[in-house]
Engineer: 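Pasting a structure below so you can have a look.
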Amino acid sequence: MTDLETRAAPTRAGALRRAAPALAGYAAVRALGLLALFLWSAARDKSAYTLLTARWDALWYVRVAELGYGYEVRLANGDVHSNLAFFPLLPWLERLVAAVSPLSYADGGFLVSLVASLAAAWGIFAVADHVYGRRAGVCAVLLWAVLPVGIVQSMAYSESLFTALAAWALYAVLTGRWVTAGALALFAGLTRPVGLAVVAALWVAAVASFARERRAAGQDGPPVPAEPGARTRRVLGMVLAPLGTASYVLWVGHHTGKGPLGYLDVQAGWRNGFDGGYAFARFVADKFTTFPSALAGAGLIVGVASVVWLYVTGVRQRQPLPLLVYSGFVTALALCASSYFGSKPRLLLPAFPLLLPLALALARARTRRSATVLGSVAVVSAVYGAFWLNGSGPP
């Protein structure tokens, strides 16, 4: 791993000024996506706001905020869909917004997602800027904004909130702010199960730092931390990081009476689990049984190959180890889950380090060419997002 901890981080005001072009570009792309959604929905006599706040997972989060845990739906095939599958931070924030304002829980979820998406964009910029420079940071944010499923960033879902916490936790790791990183990882672990990816990134980076100090001690004498208490803060960050995920998973186990693995039983009720990608591979293979669906199967193969290529390119470009661990963990969990195959693009949204090779390429291109590419993709993404939510949408 490139040791980036020694690079000075800008002040908060300076960091905001530096990120302003990225945030303005992000807001413009998301505004375009929302405009397309509202126009498309109006043409089909649907409510765009309902699509953003009161369908699919958004309803489950609102039920948690309103009724607490314990709600479940029993399907005809015997499956049990329990709201215990949904981690608590977003519902807690929805409840907080409703308590201090006249907004409903659904409104609170929408507001949290809008604010969190801007925080996520700023965090992505901070990471990319720290590693590759300001121009690459702007491109990384815009690439994240124009993803085909980018409209999810504006929905009352937990993806934006999680990405914001993960991005800033990774930035804290890269700049040696271990306690901050641990606290952010804790909250990320209360947001989604994939919060373990942030924990893994922090732990690997911390272990690598201890290993570097040990090697230095063997060569030049006893290790000297960068400042007093640095090792203690690093250990404290490692201790804090897994507490969010662990506390919720253990609470679910206690609540269900099924012990530490009770959360896995909850996920099994949704027919969700980790099988190394076997079910997804069968899903793709089944697409080739008829000609029209074979095109979709080919598209899925190209999509997975593209994700793998981006990750390998990041390795070759020597991305910092925490970013590689984090994006690898998120990608593996998304692609190797045993169900909800249509959700996989959405589940990959937090894996923003995968975009850094493309951001670096755009940053090295001429401004006019980069702007043309990003502007064109933004229009396509806005149209696709409107079409998607008015159709099958995210499960």
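Keep in mind the model is a prediction, meaning the values are calculated, not measured.
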Engineer: Return yes if some donor-acceptor pair links the side-chain N/O of Asn83 with the main-chain N/O of Gly68 below 3.5 Å, else return no.
Structural biologist: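 Looks like yes, one N/O pair under 3.5 Å.
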Engineer: Can you see which heavy atom on Asp275 is nearest to which on Ser338, and at what distance?
Structural biologist: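 For Asp275 and Ser338, the tightest heavy-atom pair comes out as OD2-CB, 3.6 Å.
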Engineer: Mind checking the OG-CG spacing from Ser158 to Leu93? Nearest 0.5 Å is all I need.
Structural biologist: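 Going from the OG atom of Ser158 to the CG atom of Leu93 covers 11.0 Å.
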Engineer: Going through the distances and angles, do Leu389 and Leu52 end up as a side-chain contact (heavy atoms from CB on, under 4.5 Å)?
Structural biologist: CA-CA 8 Å; Leu389 284 197; Leu52 292 169; 4.1 Å; yes
Engineer: Under 4.5 Å between side-chain heavy atoms, chaining through other members, with only Ile, Leu, Val, Met, Phe, Trp and Tyr counted: pull out the rest of the cluster around Leu264, sorted by chain and number.
Structural biologist: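 For the cluster that includes Leu264, the remaining residues are Leu261.
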Engineer: Where do Arg233 and Trp178 come nearest, in terms of heavy atoms and distance?
Structural biologist: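 Result for this residue pair: O-CB, 3.4 Å.
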Engineer: Is it the case that the side chain of Ser117 and the backbone of Leu114 share a donor-acceptor pair, with hydrogens and angles ignored and the cut-off at 3.5 Å?
Structural biologist: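 Confirmed, Ser117 side chain pairs with Leu114 backbone.
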Engineer: Distance alone, cut at 3.5 Å: any donor-acceptor contact between the side chains of Thr313 and Arg316?
Structural biologist: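 No, Arg316 and Thr313 have no side-chain donor paired with an acceptor closer than 3.5 Å.
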Engineer: Is it true that Leu23 and Val115 fall in one hydrophobic cluster, defined by side-chain heavy atoms closer than 4.5 Å?
Structural biologist: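 Leu23 and Val115: one cluster.
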Engineer: Any side-chain heavy atom of Trp251 within less than 4.5 Å of one from Tyr248?
Structural biologist: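 A side-chain contact exists here, since the closest heavy-atom pair is under 4.5 Å.
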Engineer: For Ala351 and Thr331, work out which heavy atoms get closest and say how close.
Structural biologist: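 Where Ala351 meets Thr331 most closely, the heavy atoms are CB-OG1, 4.2 Å.
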Engineer: Looking at every non-hydrogen atom in both residues, tell me the closest pair between Phe87 and Thr191 and how far apart they are.
Structural biologist: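 Scanning both residues, the minimum pair turns out to be CB-O, 3.3 Å.
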Engineer: Taking Lys344 for its side chain and Ala334 for its backbone only, find out whether a donor-acceptor pair lies under 3.5 Å.
Structural biologist: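 Answer holds: yes.
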Engineer: Is a donor on one side and an acceptor on the other found under 3.5 Å between the side chain of Ser113 and the backbone of Met155?
Structural biologist: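 Judged by distance alone, yes, a pair lies under 3.5 Å.
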Engineer: Can any side-chain N or O of Ser370 pair as donor or acceptor with the backbone N or O of Leu362 at less than 3.5 Å?
Structural biologist: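 At least one qualifying donor-acceptor pair exists.
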Engineer: Linking I/L/V/M/F/W/Y whenever their side-chain heavy atoms sit closer than 4.5 Å, directly or via other members, would Leu250 and Val64 fall into one cluster?
Structural biologist: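 No.
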Engineer: Backbone N or O of Glu159 within a donor-acceptor pair of the Arg192 side chain at under 3.5 Å?
Structural biologist: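 Checked: no pair found.
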Engineer: Hey, does the side chain of Lys258 reach the backbone of Asp265 with a donor-acceptor pair shorter than 3.5 angstrom?
Structural biologist: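 Checked: no pair found.
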Engineer: Decide yes or no on side-chain contact (heavy atoms from CB on, under 4.5 Å) for Asp107 and Val97, but give the supporting numbers first.
Structural biologist: CA-CA 8 Å; Asp107 296 336; Val97 171; over 6 Å; no
Engineer: Can you check whether Trp122 and Phe125 have ring centres sitting under 6.0 Å from each other?
Structural biologist: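 That pair fails the under 6.0 Å test.
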Engineer: Distance under 6.0 Å and angle within 45° of the ring axis: does Arg346 meet both against Tyr157?
Structural biologist: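 The answer is no, since Arg346 fails at least one limit relative to Tyr157.
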Engineer: Please check if the number of heavy atoms outside Phe38 that lie under 6.0 Å from its CZ is greater than 12.
Structural biologist: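 Enclosed.
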Engineer: Leu240 and Leu184: same hydrophobic cluster, using ILVMFWY side-chain contacts below 4.5 Å?
Structural biologist: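 Yes, one cluster joins them.
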Engineer: Any side-chain heavy atom of Ile151 within less than 4.5 Å of one from Leu34?
Structural biologist: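 Sidechains of Leu34 and Ile151: in contact.
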Engineer: I'd like to know if Val127 and Leu310 are part of one continuous hydrophobic network [Ile/Leu/Val/Met/Phe/Trp/Tyr, side-chain heavy atoms within less than 4.5 Å].
Structural biologist: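 Yes, it is one cluster - the side chains of Leu310 and Val127 are joined through contacts under 4.5 Å.
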Engineer: Arg30 side chain to Ser154 main-chain N or O, any donor-acceptor pair under 3.5 Å?
Structural biologist: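 Here the side-chain-to-backbone pair does not exist.
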Engineer: Could you pull out the closest heavy-atom pair between Gly137 and Ala128, with the gap in Å?
Structural biologist: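 So the minimum-distance heavy-atom pair works out to CA-CB, 3.5 Å.
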Engineer: Using the ring pair (Phe, Tyr, Trp, His ring centres under 6.0 Å) definition, which of the options Tyr263, Tyr71, Tyr61 pairs with Phe86?
Structural biologist: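 Among the candidates, only Tyr61 passes.
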Engineer: Near Asn77 CG, under 6.0 Å, is it more than 12 heavy atoms from other residues, nucleotides or ligands?
Structural biologist: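 Buried by this count: over 12 neighbours within 6.0 Å.
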Engineer: Checking Arg234 side chain against Ala206 main chain: does a donor-acceptor pair fall under 3.5 Å?
Structural biologist: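 Checked: no pair found.
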Engineer: Quick one: are Ile124 and Leu355 in side-chain contact, heavy atoms under 4.5 Å?
Structural biologist: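 Heavy-atom side-chain distance check fails, nothing below 4.5 Å.
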Engineer: Do the side chains of Val146 and Leu32 join up, straight or via other hydrophobic residues, at under 4.5 Å, putting them in one cluster?
Structural biologist: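 In one cluster: no.
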Engineer: Test side-chain contact (heavy atoms from CB on, under 4.5 Å) on Leu333 and Leu347 and set out the steps.
Structural biologist: CA-CA 9 Å; Leu333 286 180; Leu347 298 178; over 6 Å; no
Engineer: Parallel, tilted or perpendicular: which fits the ring planes of Trp144 and Tyr26, with parallel below 30° and perpendicular above 60°?
Structural biologist: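 It falls in the parallel class, under 30°.
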Engineer: Just wondering, do Tyr132 and Gln319 contact through their side chains at under 4.5 Å, heavy atoms?
Structural biologist: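 SC-SC contact between Gln319 and Tyr132 confirmed.
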Engineer: Answer yes or no: is there a donor N or O on one side and an acceptor on the other, between the side chain of Thr163 and the main chain of Ser160, under 3.5 Å?
Structural biologist: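 The answer is no, because no donor-acceptor pair under 3.5 Å joins these two groups.
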Engineer: Are the ring centres of Trp56 and Trp388 closer than 6.0 Å?
Structural biologist: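 No, they do not, as the ring centres are separated by 6.0 Å or more.
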Engineer: May I ask you to test the Pro242-Trp203 pair for a side-chain heavy-atom distance under 4.5 Å?
Structural biologist: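 They are in contact (side-chain heavy atoms under 4.5 Å apart), so the answer is yes.
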Engineer: Run the side-chain contact (heavy atoms from CB on, under 4.5 Å) test on Val198 and Phe162 for me, step by step, so that the C-alpha distance in whole Å, both residues' side-chain angles and the decisive distance to 0.1 Å come before the verdict.
Structural biologist: CA-CA 10 Å; Val198 187; Phe162 175 79; 4.0 Å; yes
Engineer: Please give me the minimum heavy-atom distance between Leu356 and Ala140, naming the atom from each residue.
Structural biologist: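 So the minimum-distance heavy-atom pair works out to CD2-CB, 4.0 Å.
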Engineer: Does Phe187 CZ have over 12 foreign heavy atoms under 6.0 Å away?
Structural biologist: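 No - once you tally the heavy atoms of other residues, nucleotides and ligands closer than 6.0 Å, there are 12 at most.
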